[in-house]
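For ligands, and for the atoms within them, numbers begin at 1 and follow the listed sequence. For the single chain, residues carry numbers from 1 onward in sequence order.
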Amino acid sequence: MRGAVRETSVPPGSLFLPVFVDPSVTEPAPLSSMPGQFRWSPEGLGPIAERATRAGIGGLILFGRPAAKDAEGSGAWDPQGSVQRALRSLRGKGDLILATDVCLCAYTTSGHCGYWKDHHLENDRSVEAIARIAVSHAEAGADWVAPSAMLDGQVRHIRSALDARGFTDTAILAYAAKFASAFYGPFREAEDSAPSEGDRKGYQMDPANAREALHEMRLDAEEGADILMVKPAMTSLDILARARTEFAHPLAAYHVSGEYAMLKAAAARGWLDEATAVAETLTALRRAGAGLILTYYALEAVESHWV
Ligand code: PBG
């Protein structure tokens with residue numbers, strides 16, 4: 001009876017797995033604050049792509065690291081960069097969507113998502129670099145590029161840079177409403193991308209603001225975003241629900257590193273039943289309006305039949 005009247009499901013194809021690519025590792029390196037997650041070598045993603053294909057999840061989103069950081073973050077658009085190498089090694093294998101995170105924070109010495117000068121972010125200069133990264137990912141075979149820096153105008157710049165080079169079919173998954181959140185902590189350890197000075201409050205949103213979140217989503221929609229993403233996920237259910245009535249676009253929720261870490265930590269202590277907690281979480285995100293969910297649980301949830 002409950003099955004017959006169930007309103008919400010979590011199809012495997014709606015789930016996307018974030019993966020970390022690190023040119024300095026040869027074997028998968030476990031991440032201490034994200035049990036079950038690893039940093040992978042650029043050419044070493046074959047096994048995870050095979051599992052993803054077998055599970056039928058929607059795809060992977062790749063996060064890279066440079067061999068060395070510099071002031072410009074030039075490793076981010078290096079054709080021999082970690083993400084570019086990973087894309088070339090995965091391209092054409094399996095039926096996965098290959099998305100890439102487009103940002104500077106793991107590549108710049110400042111650890112900021114754009115160029116940091118005199119205690120603030122230089123928006124317009126940074127946006128040029130962001131577009132350059134997106135083009136280099138498209139050249140290496142990205143299906144979707146996902147700008148995550150929350151810079152003004154980044155979607156418009158990326159769209160026109162891609163189109164100018166013939167990448168008219170490369171879609172933009174926009175981190176449209178991204179809050180300055182405590183829940184990115186474990187990710188910053190994985191990516192070694194914490195800011196060296198200051199914080200991200202000058203460009204990521206105040207978690208107190210819902211109207212502003214919808215405004216940011218509207219701007220990205222107008223600039224040409226194909227999919228609008230909200231982040232973090234569990235603390236943004238109201239944003240998802242409101243966005244679902246306002247936009248016709250596909251909506252995505254990013255169930256971020258800290259949200260994963262909380263569930264893993266509680267489950268490891270026997271304080272939560274992991275299977276039910278994960279199913280309830282992913283179902284709630286879909287119920288609120290997310291069509292797509294980026295989650296570190298993507299493979300485990302499907303392979304263990306939790307959803
Ligand atoms: C890069 C980026 C971050 C995340 C995704 N892209 C970190 C940040 O903004 O500090 C967080 C993802 C997660 O916590 O799982 N800007």
Side-chain angles (χ1 to χ4, degrees), residues 15-22 31-39 60-66 69 73 75-76 82-83 99-108 110-116 121 123 126-127 129-130 133-134 137 142 144-152 154-155 158 172-207 216 220 227 229-236 252-265 281-282 285 292-298:
L15 302 178
F16 287 71
L17 179 72
V19 284
F20 299 107
V21 194
D22 183 344
L31 296 169
S32 60
S33 55
M34 300 176 71
Q37 303 301 313
F38 300 84
R39 284 185 276 119
L60 308 177
I61 174 161
L62 308 180
F63 292 87
R65 282 165 66 124
K69 296 174 194 271
S82 52
V83 168
T100 60
D101 185 81
V102 175
C103 198
L104 281 161
C105 60
Y107 298 88
T108 51
S110 74
H112 278 284
C113 301
Y115 297 128
W116 189 253
L121 201 80
N123 188 86
S126 306
V127 160
I130 294 284
I133 302 170
H137 290 177
W144 297 355
V145 290
S148 64
M150 284 300 279
L151 300 179
D152 293 338
Q154 61 179 4
V155 171
I158 289 175
I172 300 178
L173 164 62
Y175 288 73
K178 176 171 174 179
F179 292 103
S181 169
F183 294 104
Y184 310 149
F187 173 97
R188 290 181 193 166
E189 183 198 317
E191 282 278 274
D192 183 24
S193 63
S196 57
E197 177 209 286
D199 55 39
R200 304 214 204 288
K201 289 179 185 160
Y203 42 105
Q204 298 182 353
M205 280 185 313
D206 182 348
E216 289 285 351
D220 279 7
I227 303 170
M229 187 149 71
V230 174
K231 175 185 173 201
M234 291 180 75
T235 50
S236 307
Y254 195 147
H255 184 241
V256 299
S257 57
E259 302 181 85
Y260 175 82
M262 287 196 293
L263 287 166
K264 280 287 173 198
T281 301
L282 300 179
L285 297 177
L292 291 67
I293 302 172
L294 278 59
T295 174
Y296 302 94
Y297 271 114

Subject >> Min heavy-atom dist Met150 to ligand 1 below 4.0 Å >> reply: no
In terms of atom number and element, which parts of ligand 1 are under 4.0 angstrom from non-hydrogen atoms of [X]?
X: Cys105; answer: 1 (C), 16 (N)
X: Lys178; answer: 1 (C), 2 (C), 3 (C), 6 (N), 8 (C), 9 (O), 16 (N)
X: Phe63; answer: 5 (C), 6 (N)
X: Tyr254; answer: 12 (C), 15 (O)

Original post:
Does any donor atom in the side chain of Asn123 or Tyr203 lie under 3.5 Å from an acceptor atom in the other side chain?
Top reply: no
**OP:** Check the side chains of Glu189 and Ser32 for a donor-acceptor pair under 3.5 angstrom, ignoring hydrogens and angles.
**Re:**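 Note: Ser32 and Glu189 side chains meet the donor-acceptor criterion.
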**OP:** For a side chain to side chain contact (heavy atoms under 4.5 Å, CB included) with Met205, tell me which candidate from Lys178, Arg200, Glu216 qualifies.
**Re:**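 Option passing the side chain to side chain contact (heavy atoms under 4.5 Å, CB included) with Met205: Glu216.
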Protein contact of [atom] - nearest heavy atom, named by residue and atom, plus distance:
atom: atom 15 (O) of ligand 1; answer: Tyr296 OH, 2.6 Å
atom: atom 6 (N) of ligand 1; answer: Asp101 OD1, 3.3 Å
atom: atom 5 (C) of ligand 1; answer: Lys231 NZ, 2.8 Å
atom: atom 14 (O) of ligand 1; answer: Ser257 OG, 2.7 Å
atom: atom 12 (C) of ligand 1; answer: Phe187 CD1, 3.4 Å

**OP:** Could you tell me how the ring of Tyr296 sits relative to the ring of Phe20: parallel (under 30°), tilted (30 to 60°) or perpendicular (over 60°)?
**Re:**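 Parallel: the ring planes of Tyr296 and Phe20 meet at under 30°.
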Examine the proximity of ligand 1 to [X] and report which part, side chain or backbone, both or neither, has a heavy atom under 4.0 Å away.
X: Tyr260; value: neither
X: Glu191; value: neither
X: Cys113; value: side chain
X: Cys103; value: side chain

How far apart are the closest heavy atoms of [X] and [Y], and which atoms are they?
X: Ile158; Y: Ile130; value: CD1-CG2, 3.8 Å
X: Val145; Y: Ala134; value: CG1-O, 3.8 Å
X: Leu104; Y: Ala129; value: CD1-CB, 4.1 Å
X: Tyr175; Y: Asp220; value: O-OD2, 4.0 Å

**OP:** Could you check Tyr254, Tyr297, Trp144 and say which one makes a ring-ring contact (aromatic ring centres under 6.0 Å, His included) with Phe16?
**Re:**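 Single ring-ring contact (aromatic ring centres under 6.0 Å, His included) partner of Phe16 among Tyr254, Tyr297, Trp144: Trp144.
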